[in-house]
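Here's the structure we're looking at; comments come further down.
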Amino acid sequence: MTVSDHPIATSLVRLRPVRHRTVSAPLVDGRPVPVQVGSAAEVDGPAVGLAVQFVLLAALSATVGLGPAGWLAGSAYAVVTWLLLGRGMRRSGARMLGAANQVTLARATLVGAVTALVAASFWSPAPVGLLVAVAGVALALDWVDGQVARRTGTTSALGARFDMEVDAFLILVLSAYLAQSLGAWVLAIGALRYVFVAAAWALPWLRAALPHRFSRKTVAAMQGIVLAVASSGLLPGSLAYASVGLALALLCWSFGRDVGWLWRARHRDPVPTGFR
């Protein structure tokens, strides 16, 4: 992942509005670059992503079928992603997406396809091979966008936020798909991050910065991999239950440890006022 490495860290990166600031050149991940007015580099990234998402949904509908549920879920996801990414770019002062964020946008488009396939699976059998393949590529690109950001020196709050939201939603969608076969308890894997975010609005001490821990990053990355493998149907029933249960247990442990650390540190430093 780019900057944050755990769903709990969605409270750590804050995008503050840029006020009374004059931008003389477009920004790539928060850095000014010389671009001629009207050049191709000023293409609206979120709008392109929206268009590509609908093309991908149309392709899925023509090949494997989506039905009304798939189209509705995929379209809603595409529009919300377009709106939120555009809002994030305006608040950060960015006029275009850098290379790392373009990779994340491609990954977000794949997550939209997974969302549509999962929604359609509630009414008709899903093309499991395709669903897992698309989810697997989206998970692999999570490593790619982080590498691009670090090697080009273009890590940014916008990129971190975008990356985390895509990660979190993919895990939620895969949890919803597996819940159909393993039980509703699997939804806890995808819901924990959103529960934490909601709790942080009421408890400001949950918004403080956490110390870096490699174990947190490992546990977070493990969730998507385990859910994708379990969704493939290649694991025997008992092994699927055990692997997903272990992933949930480790996630709860990681969340619990970090919440405990935040509780103990709640009076050490002032709590930041911004919240993602």
Side-chain angles (χ1 to χ4, degrees), residues 1-14 104 107 111 114 135-136 138-143 145-147 149-150 155 157 159-179 182-231 235 239-269 271-272 275-276:
M1 300 182 180
T2 306
V3 174
S4 173
D5 48 27
H6 189 281
I8 201 172
T10 52
S11 62
L12 309 184
V13 180
R14 298 159 182 90
T104 307
R107 192 157 61 88
V111 173
V114 175
L139 290 169
L141 287 177
D142 186 23
W143 178 84
D145 59 13
Q147 289 294 312
R150 284 186 287 272
T155 57
R161 176 69 182 272
F162 189 22
D163 183 64
M164 287 185 290
E165 296 299 340
V166 173
D167 287 341
F169 198 76
L170 177 58
I171 290 173
L172 177 63
V173 170
L174 290 177
S175 298
Y177 177 72
L178 266 182
L182 300 185
W185 62 273
V186 183
L187 287 171
I189 294 178
L192 271 175
R193 178 261 180 181
Y194 296 99
V195 170
F196 175 83
V197 170
W201 284 106
L203 303 171
W205 54 269
L206 288 174
R207 308 175 199 173
L210 285 163
H212 173 77
R213 288 194 178 105
F214 180 75
S215 59
R216 182 189 306 126
K217 181 176 182 178
T218 301
V219 170
M222 175 184 177
Q223 306 306 310
I225 296 172
V226 170
L227 290 173
V229 172
S231 296
L235 299 178
L239 186 55
Y241 275 99
S243 59
V244 176
L246 177 60
L248 175 57
L250 289 173
L251 187 62
C252 291
W253 165 77
S254 186
F255 265 93
R257 183 182 60 173
D258 285 341
V259 170
W261 188 95
L262 290 169
W263 170 257
R264 292 189 298 272
R266 66 191 184 282
H267 297 309
R268 294 179 190 174
D269 299 303
V271 175
F275 182 69
R276 297 188 52 196

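By convention here, the first residue in the shown sequence is residue 1. Everything numeric here is computed off the predicted structure, so don't read it as measured data.
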Least distance between heavy atoms, [X] atom then [Y] atom:
{"X": "Ile171", "Y": "Gly190", "result": "CG2-CA, 4.0 Å"}
{"X": "Trp261", "Y": "Ala209", "result": "CZ3-O, 3.4 Å"}
{"X": "Leu170", "Y": "Ala138", "result": "CD2-CB, 4.1 Å"}
{"X": "Leu187", "Y": "Ala179", "result": "CG-CB, 4.0 Å"}
{"X": "Trp205", "Y": "Val259", "result": "CZ3-O, 3.8 Å"}

Review point. Are the charged groups of Arg193 and Asp167 less than 4.0 angstrom apart, N to O?
Key: no
Could you grab the distance from atom [atom1] of [X] to atom [atom2] of [Y], nearest 0.5 Å is fine?
{"X": "Asp142", "Y": "Asp163", "atom1": "CG", "atom2": "CG", "value": "5.0 Å"}
{"X": "Glu165", "Y": "Thr104", "atom1": "CD", "atom2": "OG1", "value": "12.0 Å"}
{"X": "Ser215", "Y": "Asp258", "atom1": "OG", "atom2": "CG", "value": "7.5 Å"}
{"X": "Leu206", "Y": "Leu262", "atom1": "CG", "atom2": "CG", "value": "6.0 Å"}
{"X": "Thr155", "Y": "Asp145", "atom1": "OG1", "atom2": "CG", "value": "12.0 Å"}
{"X": "Leu139", "Y": "Arg107", "atom1": "CG", "atom2": "CZ", "value": "8.0 Å"}

When you compare the side chain of [Y] with that of [X], does any pair of heavy atoms fall below 4.5 Å?
{"X": "Leu227", "Y": "Tyr177", "result": "no"}
{"X": "Phe196", "Y": "Leu203", "result": "no"}
{"X": "Val229", "Y": "Ser243", "result": "no"}

Practice item. Kindly assign one of parallel, tilted or perpendicular to the pair Tyr241 and Trp185, based on the angle between their ring planes and the thresholds 30° and 60°. Key: parallel
Practice item. Say whether, by atom type as modelled, one donor and one acceptor occur between the side chain of Arg216 and the main chain of Ser254 under 3.5 angstrom. Key: no
Review point. Which residues pass the side chain to side chain contact (heavy atoms under 4.5 Å, CB included) test with Leu250, sequence neighbours left out?
Key: Val219, Met222, Leu246
Practice item. Kindly determine whether Leu178 and Leu174 satisfy side-chain contact (heavy atoms from CB on, under 4.5 Å), including the steps that lead there. Key: CA-CA 6 Å; Leu178 266 182; Leu174 290 177; over 6 Å; no
